[in-house]
Colleague: 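The structure is given below, and queries will be raised subsequently.
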Amino acid sequence: MNEPRWDRLLLNATLATFAGDAPYGLIEQGAIALHHGRIAWVGRQGDLPDAPAALAAKVESLDGALVTPGLVDCHTHLVFGGDRAHEFELRLNGASYEDIARAGGGITSSVNATRAASEEQLFAQSLPRARALLADGVTTLEIKSGYGLDLDSERRMLRVARRLGRELGLTVRTSFLGLHALPPEYRERRDDYVALVTDSMLPTLAAEGLVDAVDAFCEGIGFTREETRRVFERATQLGLPVKLHAEQLSDRGGAALAAEFGGLSADHLEHLSAVGIAAMAQAGTVAVLLPGAFYALRETQLPPVAALREQRVPIAIATDCNPGTSPLLSLRLAAGMACTLFRLTPEEALRGVTVNAARALGLHDRGTLAVGQRADLVAWNARQPAELCYWIGGGLARRVYVAGEPVSRRKPSSRSSNSA
Ligand code: NIG
Ligand code: FE
């Protein structure tokens with residue numbers, strides 16, 4: 001008997017490939033073959049060689065179910081201690097996000113809880129959040145530091161992020177966000193903190209292999225453009241790409257700064273100016289929109305979607321999963337919110353959580369269904385792509401495949417089984 005050519009063959013699928021310019025890159029009556037963790041064949045089932053079932057070790061028929069690339073969540077703060085449900089109540093009683101931050105709450109309160117947590121506790125608290133994203137189709141996840149703000153605590157966060165990737169079989173990309181907030185002990189010594197982040201924390205953590213990219217919070221309650229520039233210059237010296245929380249609450253020229261450094265992305269962008277858009281278009285910097293934070297803060301200033309479209313700036317969508325402004329555990333829901341709140345089309349939103357999100361992480365081996373790409377994909381309890389944005393909640397993912405293997409039924413490891 002001949003050896004099967006492929007490890008796995010999925011038949012009778014509706015494939016949203018996001019490859020090419022056709023709407024969703026849709027292939028009806030499609031088939032996709034997976035081999036050695038990669039996509040080995042994709043196309044119309046009728047174009048397969050004769051007797052396709054004999055070509056693969058495992059064959060599954062999907063009865064017309066929709067298959068997409070594994071979703072990519074390109075902006076999260078998923079590792080943190082505690083929660084901030086109390087601040088949610090304060091905001092509903094009239095306090096603003098900035099009021100709470102200036103009164104010592106906000107990011108600082110998550111810093112206190114994160115510093116107090118051991119590595120094991122942080123892992124146990126973060127694991128269910130990562131599992132929830134995975135269960136809803138996420139196979140690649142960016143996780144930022146930024147609730148430690150001292151060397152040991154930032155290291156602990158990044159180590160937990162890496163471990164989540166290992167234990168769940170997800171790809172985790174880490175971003176060092178030392179310039180997230182001024183830690184309380186540096187209140188009178190701003191410049192010393194920026195120097196500590198730039199000259200000590202970043203090079204140390206990068207040397208330990210814990211940093212894939214460098215981020216900062218460029219904002220009135222965060223850091224100035226000049227402070228951000230300092231950490232970006234160091235990142236560039238270390239060969240690390242940059243990205244930025246920019247123009248979330250006000251226009252500080254952050255997006256243009258990120259573009260100047262060839263940034264992977266500028267994120268939030270509700271207050272983005274025409275100058276910022278032009279700079280991003282020129283540099284190929286992805287616009288990452290975060291409707292969860294817009295929603296939770298009850299913002300009214302919309303990001304300039306029409307102008308981003310016009311200038312052909314690629315748009316990605318992420319959860320921004322964090323305890324303060326976006327306690328959101330479904331990237332699919334983020335895509336739906338991008339349609340409802342920001343008026344993206346479902347196709348734009350879904351390209352935003354696949355191909356454009358991969359680009360926002362500098363990853364070119366995923367986000368589309370094409371030969372040679374990683375075999376990270378999701379079979380959905382849905383038949384048409386728009387359903388992924390249309391259904392609100394409800395556990396739509398039928399099967400998630402990472403590197404060609406189904407993971408949705410994977411058992412939690414025994415060390416962490418009591419934490420979900
Ligand atoms: O992306 N804006 C800054 N960082 C986070 C919020 C962090 C927090 O409030 O804990 C964001 O919205
Ligand atoms: Fe964020």
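Keep in mind that what you see is a predicted model, and the values were worked out from it rather than measured. Basis for what follows: all heavy atoms, side chains included, without hydrogens, waters or symmetry-related copies.
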Colleague: Does CZ belonging to Arg8 count more than 12 external heavy atoms closer than 6.0 Å?
Modeller: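 More than 12 heavy atoms, drawn from other residues, nucleotides or ligands, come within 6.0 Å of this atom.
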
Colleague: Test your reading of the model: is there a side-chain donor-acceptor pair from Glu247 to the backbone of Gly253, 3.5 Å cut-off?
Modeller: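 Judged by distance alone, yes, a pair lies under 3.5 Å.
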
Colleague: Between Asp99 (side chain only) and Ser96 (backbone N and O only), is there a donor and an acceptor less than 3.5 Å apart?
Modeller: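 Side chain of Asp99 to backbone of Ser96, a donor-acceptor pair under 3.5 Å: yes, one is there.
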
Colleague: Is the NZ or CZ atom of Arg351 positioned over Phe18's six-membered ring, under 6.0 angstrom from the centre and within 45° of the axis?
Modeller: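 Because its charged atom misses either the 6.0 Å distance or the 45° angle limit, Arg351 does not stack over Phe18.
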
Colleague: Does the Asp365 side chain pair with the main chain of Gln373, one donor and one acceptor, at a distance under 3.5 Å?
Modeller: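 Pair absent, no side-chain N/O of Asp365 close to backbone of Gln373.
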
Colleague: Could you tell me if Asp7 and His36 have a donor-acceptor pair between their side chains, going purely by distance under 3.5 Å?
Modeller: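 No, Asp7 and His36 have no side-chain donor paired with an acceptor closer than 3.5 Å.
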
Colleague: Quick one: does Glu219's side chain have a donor or acceptor within less than 3.5 Å of a partner on Ala246's backbone?
Modeller: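 No.
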
Colleague: Answer yes or no: does atom CZ of Arg159 have more than 12 heavy-atom neighbours from other residues, nucleotides or ligands under 6.0 Å?
Modeller: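 Atom CZ in Arg159 is not crowded, with 12 or fewer foreign heavy atoms closer than 6.0 Å.
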
Colleague: Excluding sequence neighbours, so at least two apart, what forms salt bridge (charged side-chain N to carboxylate O under 4.0 Å, His left out) with Arg229?
Modeller: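 Testing Arg229 for salt bridge (charged side-chain N to carboxylate O under 4.0 Å, His left out), a comparison that skips the adjacent residues, returns Glu226, Glu260.
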
Colleague: Would the number of heavy atoms belonging to other residues, nucleotides or ligands and lying under 6.0 Å from CD of Gln282 be above 12?
Modeller: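 No, CD of Gln282 has 12 or fewer neighbouring heavy atoms, counting only those of other groups under 6.0 Å.
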
Colleague: Does atom CG of Leu302 have more than 12 heavy-atom neighbours from other groups under 6.0 Å away?
Modeller: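 Yes - once you tally the heavy atoms of other residues, nucleotides and ligands closer than 6.0 Å, there are more than 12.
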
Colleague: For the residue pair Phe261 and Phe232, does the interplanar ring angle fall in the parallel (under 30°), tilted (30 to 60°) or perpendicular (over 60°) class?
Modeller: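 Taking Phe232 first and then Phe261, their aromatic rings stand perpendicular (interplane angle over 60°).
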
Colleague: Quick one about His245 and His75 (side-chain donor to acceptor, distance below 3.5 Å, no hydrogens or angles considered), yes or no?
Modeller: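 Yes, side-chain donor-acceptor contact under 3.5 Å.
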
Colleague: Would you kindly say whether Thr171 and Arg366 are connected by a side-chain donor-acceptor distance under 3.5 Å?
Modeller: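 Yes, because at least one side-chain N or O of Thr171 sits under 3.5 Å from a partner of the opposite role on Arg366.
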
Colleague: Using atom types as modelled and distance alone, determine if a side-chain donor or acceptor of Gln311 lies under 3.5 Å from a backbone N or O of Ile277.
Modeller: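 No.
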
Colleague: Is it the case that atom CZ in Arg343 sees more than 12 heavy atoms from other parts of the structure closer than 6.0 Å?
Modeller: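 Not more than 12 within 6.0 Å, no.
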
Colleague: Can you name the nearest heavy-atom pair linking Leu210 to Thr174, along with the distance?
Modeller: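 In terms of heavy atoms, the two residues are closest at O-OG1, 2.7 Å.
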
Colleague: Check whether Ser153 reaches the backbone of Leu149 with its side chain - one donor and one acceptor, N or O, closer than 3.5 Å.
Modeller: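 No, Ser153 side chain to Leu149 backbone: no donor-acceptor pair under 3.5 Å.
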
Colleague: Does this structure show an ion pair linking Arg115 with Glu185, if we count only N-O contacts that are shorter than 4.0 Å?
Modeller: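 Here Arg115 pairs with Glu185 in a salt bridge, since their nearest N and O are under 4.0 Å apart.
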
Colleague: Check whether any side-chain N or O of Arg332 sits under 3.5 Å from a backbone N or O of Leu388 as a donor-acceptor pair, and report yes or no.
Modeller: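 Yes: the side chain of Arg332 pairs with the backbone of Leu388.
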
Colleague: Without swapping roles, check the side chain of Gln121 against the backbone of Ser118 for a donor-acceptor pair under 3.5 Å.
Modeller: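 Yes; judged by distance alone, with no hydrogens or angles, the pair exists.
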
Colleague: Can you find a side-chain donor-acceptor pair between Arg84 and Ser110 that sits under 3.5 Å?
Modeller: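 Side chains of Arg84 and Ser110: pair found under 3.5 Å.
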
Colleague: Taking atom types as modelled, find out whether Gln384 and Thr14 have a side-chain donor-acceptor pair closer than 3.5 angstrom.
Modeller: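 The answer is no; no qualifying pair exists.
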
Colleague: Can you find a side-chain donor-acceptor pair between Ser145 and Glu154 that sits under 3.5 Å?
Modeller: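 Side-chain D/A pair, Ser145 to Glu154: present.
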
Colleague: May I ask you to say whether Glu119 pairs ionically with Arg163, meaning some side-chain N is under 4.0 Å from a carboxylate O?
Modeller: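 No, this pair does not count.
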
Colleague: Among residues at least two apart in sequence or on other chains, which ones pass salt bridge (charged side-chain N to carboxylate O under 4.0 Å, His left out) with Glu270?
Modeller: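 Glu270 satisfies salt bridge (charged side-chain N to carboxylate O under 4.0 Å, His left out) with no residue once adjacent residues are dropped.
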
